[in-house]
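Working notes, beginning with the structure itself.
Each ligand, and each atom within it, is numbered from 1 in the order the structure gives.
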Amino acid sequence: MDIFSKIAAGEIPSYTCAENDRFYAFLDINPLAKGHTLVIPRREVDYIFDMEDEELAEFEIFTKQVAQAIRRAFPCRKVAQVVLGLEVAHAHIHLIPINSEADVDFHKEKLKLSEVEFQDISARIRAEFGQ
Ligand code: 5GP
């Protein structure tokens, strides 16, 4: 199993933001902003565009619902959706609350958050998601 499959299975701890039987959303451990979330399919697939149409559509709909929950929990101009996937070979969508283009610069210094802050952020998103 790859690292994100282990996270989705609960074998490696993470801060859960939302989940269902096919998809899992959790906080990025090196966030660009409070609420920076990763959304993954539970099924192991590396490249997002290798996903079948139906699975990809469901993935995007789930991601939209998570993005709406993030925006309610952390008001911002928009929630950006970014797909890189060069570091971890398990398809994932970054959801990042943004107010300007600079907020989505992956080269800038990441936030240092405490355990309590990560727990609080994920709890707020879960509550807005309805879980
Ligand atoms: P990418 O593959 O999209 O370039 O980057 C992978 C992202 O996953 C990075 O933003 C990194 O901080 C995050 N990440 C890598 N390993 C872990 C992990 O074990 N737990 C969590 N929560 N995030 C991770």
Side-chain angles (χ1 to χ4, degrees):
M1 269 208 273
D2 66 60
I3 185 164
F4 281 1
S5 290
K6 288 181 182 168
I7 284 175
E11 291 178 20
I12 293 176
S14 65
Y15 301 96
T16 306
C17 298
E19 62 183 318
N20 67 16
D21 59 338
R22 301 184 71 182
F23 308 110
Y24 184 73
F26 58 106
L27 293 181
D28 193 305
I29 208 68
N30 292 305
L32 287 171
K34 285 189 177 182
H36 182 170
T37 297
L38 301 175
V39 191
I40 62 171
R42 291 187 188 276
R43 192 174 78 79
E44 283 199 347
V45 52
D46 173 4
Y47 185 43
I48 190 167
F49 296 129
D50 283 338
M51 291 170 80
E52 295 296 333
D53 290 356
E54 191 186 331
E55 185 185 18
L56 184 60
E58 286 183 22
F59 186 35
E60 187 62 34
I61 292 165
F62 179 79
T63 300
K64 172 183 171 181
Q65 292 163 351
V66 178
Q68 290 169 328
I70 291 171
R71 193 147 174 258
R72 286 194 293 270
F74 295 94
C76 53
R77 273 182 68 190
K78 294 192 172 175
V79 172
Q81 166 172 288
V82 180
V83 176
L84 299 170
L86 296 175
E87 189 186 315
V88 178
H90 183 127
H92 53 281
I93 295 175
H94 294 257
L95 291 177
I96 306 159
I98 60 165
N99 294 302
S100 73
E101 202 177 310
D103 294 339
V104 75
D105 175 5
F106 277 81
H107 295 298
K108 78 174 183 185
E109 200 178 338
K110 308 300 187 296
L111 295 184
K112 301 267 183 291
L113 301 175
S114 68
E115 170 88 30
V116 170
E117 285 175 303
F118 275 116
Q119 276 169 359
D120 174 61
I121 292 165
S122 59
R124 282 166 66 177
I125 296 170
R126 272 200 316 277
E128 292 294 345
F129 190 80
Q131 289 184 335

All N/O donor-acceptor pairs, side-chain side in residues 47-56, below 3.5 Å, sequence neighbours left out:
from, atom 1, to, atom 2, distance (Å)
E55, OE1, R43, NE, 3.1
E55, OE1, R43, NH2, 2.9
E55, OE2, R43, NE, 3.1

Notebook entry, point to check: Do D46 and H90 touch side chain to side chain, with heavy atoms closer than 4.5 Å?
Noted result: no
So CD1 of I3 and NZ of K6: to nearest 0.5 Å the spacing works out to 8.0 Å
| message | Keeping R124 on the side-chain end and F74 on the backbone end, is there a donor-acceptor pair under 3.5 Å? | response | no
For ligand 1, which of its N or O atoms have a protein N or O partner closer than 3.5 Å, and how long is each gap?
from, atom 1, to, atom 2, distance (Å)
ligand 1, 2 (O), L86, N, 3.4
ligand 1, 2 (O), E87, N, 2.9
ligand 1, 2 (O), V88, N, 3.1
ligand 1, 2 (O), H92, NE2, 3.0
ligand 1, 3 (O), G85, N, 3.1
ligand 1, 3 (O), H92, NE2, 2.6
ligand 1, 3 (O), H94, NE2, 2.8
ligand 1, 10 (O), D28, OD1, 3.3
ligand 1, 10 (O), D28, OD2, 2.5
ligand 1, 12 (O), D28, OD1, 2.6
ligand 1, 12 (O), N30, ND2, 3.4
ligand 1, 22 (N), L27, O, 2.9
ligand 1, 22 (N), I29, N, 3.4
ligand 1, 23 (N), I29, N, 3.4

- Task: Tell me, yes or no, whether the heavy-atom count around R77 atom CZ, taken from other residues, nucleotides or ligands under 6.0 Å, exceeds 12.
- Result: no
Determine, using the 4.5 Å side-chain heavy-atom cutoff (strictly less than), whether I7 and F23 are members of one ILVMFWY cluster.
-> no
